[in-house]
Amino acid sequence: MAQRVLVLGGDGYLGWPTAMYLSRGGYRVAVVDNFAKRAWELELGVQPLFPITTLHQRVRAWREVSENEIEVFVGDLTDYRFVESVFRSFRPEAVIHYGEQPSAPYSMIDVRHATYTQANNVVGTLNVVFAIRDIVPDCHLVKLGTMGEYGTPDIDIEEGYLTVNHDGRSQRFLYPKTPGSLYHASKVHDSTNIHFACRIWGLRATDLNQGVVYGVETDESAMDEQLATSFHYDEVFGTALNRFCVQAAIGHPLTVYGKGGQTRGFLNIRDTMQCVELAVRNPAEPGEMRVFNQFTEQFSVSELADRVKAAAEHLGWSVEVVHAPNPRKEAEQHYYNAKHSKLLELGLQPHYLGEELIDSMLHKIERYRDRIDPSVLVQNVRWVPAEPEKTPA
Ligand code: USQ
């Protein structure tokens, strides 16, 4: 009998490719989505670069290409009655939880977007935790957290936990968190709640503290245009490397924010697929909240921009890197060393960021150049609102 895996946020940039990857890998897959991301796109006037069909059309296209079925549940994770009905009907053995508002800038627009992000993410996750406790207590929760939960401390970042020696005694704690946005903070709250659920109710969970994902496609999404993933390049939903590749494709300067020494963990979208499957295949023990730091390489933002510039110039494109004013409040030069060995120990085979990989991204993006809207590259979401101009007395 195939293992039943429920993918929450199954219409998104990572959720949809994950659903196809697992479906192809022999799992019985169902996806849950409320299409909130499509509503946020309308709200901000942005679109994914590749045309995206409806979820139902994607599922039909997948059936034709692969002869595999993906089940669909449409509804909101903050509605417990909906969550309960999905868990009672599908009875998942593993849940992969991407079903959250994923953008740091979106959470920083104003109070409404901040409270929405935290309520949506924290309440949705709590509902999932309760549904597991009360309906399928042996189910393994694989939760997408973020490396941004840790911030940029001046000591090495461990995988989830830190042993503190204090006045001759010692205790292992969840690693101290210093999130860089109210979105990242929502993931910290989730981690606290999931840790609680494992300690108190014996649930099993893996918190995947994922770095910044890049990439235009996976083996499955490349099988048919209708299976494309929802790739963003605008300021709010686009992530650094994806944005730089799109900027290079239209001759827009690559926007390194501030000094550019901001260092993060990065991974290819294909490695996200591998990592979540490795977590599903090697579940946590009852009562355990495992934490894996899910990235393959560390880069500063400047290094990333330089790599994209070099690859684009080899294609004969002329590319400039600019140091744009940083809309965020973050350290622009700092120590960064995050451990990330646990997924490698489970068998992760990384796709590293070589020039060939950047080339393939640039080539694919170039084919959709006409759909790029330069006006959404900058949307002026600021971490600290600009001071109102003082009128002279
Ligand atoms: N940055 C630039 N120029 C740009 C865009 C971003 O210099 O044009 C810089 C940002 O200032 C930041 C770094 O690049 O220092 C990363 O920003 P990002 O927008 O690529 O990623 P971030 O906001 O951190 O969030 C993304 C995903 C989020 C995920 C997170 C992983 O949107 O869902 O949780 O990456 S991590 O960064 O490890 O926390």
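All heavy atoms count here, side chains included; hydrogens, waters and symmetry mates do not. One-based numbering, in listed order, for ligands and for the atoms of each.
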A.B. asks: Is it possible for you to say whether Val123 and Tyr98 belong to one hydrophobic cluster, with membership spreading through side-chain heavy-atom contacts below 4.5 Å?
C.D. replies: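 Result: no, two separate clusters.
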A.B. asks: Which atoms of ligand 1 have any heavy atom of Val256 under 4.0 Å away?
C.D. replies: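 By the 4.0 Å cutoff, the relevant atoms are 7 (O).
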A.B. asks: Atoms of ligand 1 less than 4.0 Å from Gln210 heavy atoms?
C.D. replies: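 Matching atoms, with element in brackets: 31 (C), 38 (O).
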A.B. asks: Given Lys329, Arg243, Gln262, Glu100, which one has a non-hydrogen atom that is nearest to atom 8 (O) of ligand 1?
C.D. replies: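 Minimum heavy-atom distance to atom 8 (O) of ligand 1 goes to Arg243.
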A.B. asks: Kindly compute the distance separating CD1 (Ile109) from CG (Leu182), expressed to the nearest 0.5 Å.
C.D. replies: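 Separation between the atoms: 12.0 Å.
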A.B. asks: Under 4.0 Å, heavy atoms only, figure out whether ligand 1 is touched by the backbone of Val301, its side chain, both or neither.
C.D. replies: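 For Val301, only side-chain atoms sit under 4.0 Å from ligand 1.
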A.B. asks: Counting from 1, what ligand 1 atoms have a heavy atom of Gly148 closer than 4.0 Å?
C.D. replies: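 Contacts of ligand 1 toward Gly148, numbered from 1: 36 (S), 38 (O), 39 (O).
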A.B. asks: For atom CD of Gln47, is the number of surrounding heavy atoms from other residues, nucleotides or ligands below 6.0 Å larger than 12?
C.D. replies: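 No, not enclosed.
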A.B. asks: Name the closest protein heavy atom to atom 3 (N) of ligand 1, giving the residue it belongs to and the distance to 0.1 Å.
C.D. replies: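 The closest heavy atom on the protein side is Thr255 O, 2.6 Å.
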A.B. asks: How far is atom 26 (C) of ligand 1 from the closest protein heavy atom, and which atom is that?
C.D. replies: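 The closest one turns out to be Thr239 CG2, 3.7 Å.
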A.B. asks: At what distance, to the nearest 0.5 angstrom, does CD1 of Ile52 lie from CG of Asp11?
C.D. replies: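 Taking CD1 in Ile52 and CG in Asp11, the distance rounds to 8.0 Å.
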A.B. asks: What protein heavy atom sits nearest atom 36 (S) of ligand 1, and how far away is it?
C.D. replies: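 Scanning the protein heavy atoms, the shortest distance from atom 36 (S) of ligand 1 goes to Thr146 OG1, 3.4 Å.
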A.B. asks: For atom 1 (N) of ligand 1, what is the nearest protein heavy atom, given as residue, atom name and distance?
C.D. replies: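 Going atom by atom, the protein heavy atom closest to atom 1 (N) of ligand 1 ends up being Tyr257 CD1, 3.4 Å.
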A.B. asks: Assess the residue pair Leu126 and Val128 against the criterion (side chain to side chain contact (heavy atoms under 4.5 Å, CB included)); give the C-alpha distance rounded to whole Å, side-chain angles, the decisive distance to 0.1 Å, and a yes or no.
C.D. replies: CA-CA 5 Å; Leu126 272 177; Val128 169; over 6 Å; no
A.B. asks: Classify the contact between Glu330 and ligand 1 as side chain, backbone, both or neither, using a heavy-atom distance cut-off of under 4.0 Å.
C.D. replies: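 For Glu330, the contact with ligand 1 is made by the side chain alone.
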A.B. asks: Among pairs that include at least one residue of residues 314-325, which meet side chain to side chain donor-acceptor pair (under 3.5 Å), considering only residues two or more places apart or in two chains?
C.D. replies: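 The answer is His314-Glu355.
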A.B. asks: Kindly compute the distance separating CD1 (Ile250) from OH (Tyr233), expressed to the nearest 0.5 Å.
C.D. replies: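 It is 7.5 Å, given to the nearest 0.5 Å.
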A.B. asks: With respect to atom 17 (O) of ligand 1, which of Arg328, Lys259, His184 exhibits the smallest heavy-atom separation?
C.D. replies: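 Residue with the shortest heavy-atom distance to the ligand atom: Arg328.
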A.B. asks: Ignoring hydrogens, just give me the one of Pro179, Ala240, Gly180, Ala324 whose non-hydrogen atom is nearest atom 20 (O) of ligand 1.
C.D. replies: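 Shortest heavy-atom distance from atom 20 (O) of ligand 1: Ala240.
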A.B. asks: When rounded to the nearest 0.5 angstrom, what is the spacing between OG1 in Thr255 and CD in Gln247?
C.D. replies: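 One finds 3.5 Å between OG1 of Thr255 and CD of Gln247.
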A.B. asks: Quick check for you: to the nearest 0.5 Å, what is the distance between Glu297 atom CD and Leu353 atom CG?
C.D. replies: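 Result: 6.0 Å between the selected atoms.
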A.B. asks: Under a 4.0 angstrom heavy-atom cut-off, which atoms of ligand 1 come close to Ala104?
C.D. replies: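 Here the atoms of ligand 1 in question are 23 (O).
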A.B. asks: What protein heavy atom sits nearest atom 32 (O) of ligand 1, and how far away is it?
C.D. replies: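 Checked against all protein heavy atoms, atom 32 (O) of ligand 1 sits closest to Pro102 O, 3.3 Å.
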A.B. asks: Take atom CD of Gln57 as the centre, draw a 6.0 Å sphere, and report whether it contains more than 12 heavy atoms from other residues, nucleotides or ligands.
C.D. replies: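 Buried by this count: over 12 neighbours within 6.0 Å.
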A.B. asks: Using heavy-atom distances, let me know which of Phe244, Phe237, Tyr183, Tyr233 sits nearest atom 29 (C) of ligand 1.
C.D. replies: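 Selected option, by shortest heavy-atom distance: Tyr183.
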A.B. asks: From the options Val213, Leu241, Val212, select the one whose nearest heavy atom is closest to atom 35 (O) of ligand 1.
C.D. replies: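 Comparing heavy atoms across Val213, Leu241, Val212, the nearest one to atom 35 (O) of ligand 1 lies in Val212.
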A.B. asks: Could you tell me, atom by atom, which parts of ligand 1 come under 4.0 Å of a heavy atom of Gly211?
C.D. replies: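 Numbered from 1, ligand 1 contributes 31 (C), 38 (O).
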A.B. asks: So which atom in Val280 and which in Ala94 form the shortest heavy-atom distance, rounded to 0.1 Å?
C.D. replies: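 Taking every non-hydrogen atom into account, CG1-CB, 4.1 Å.
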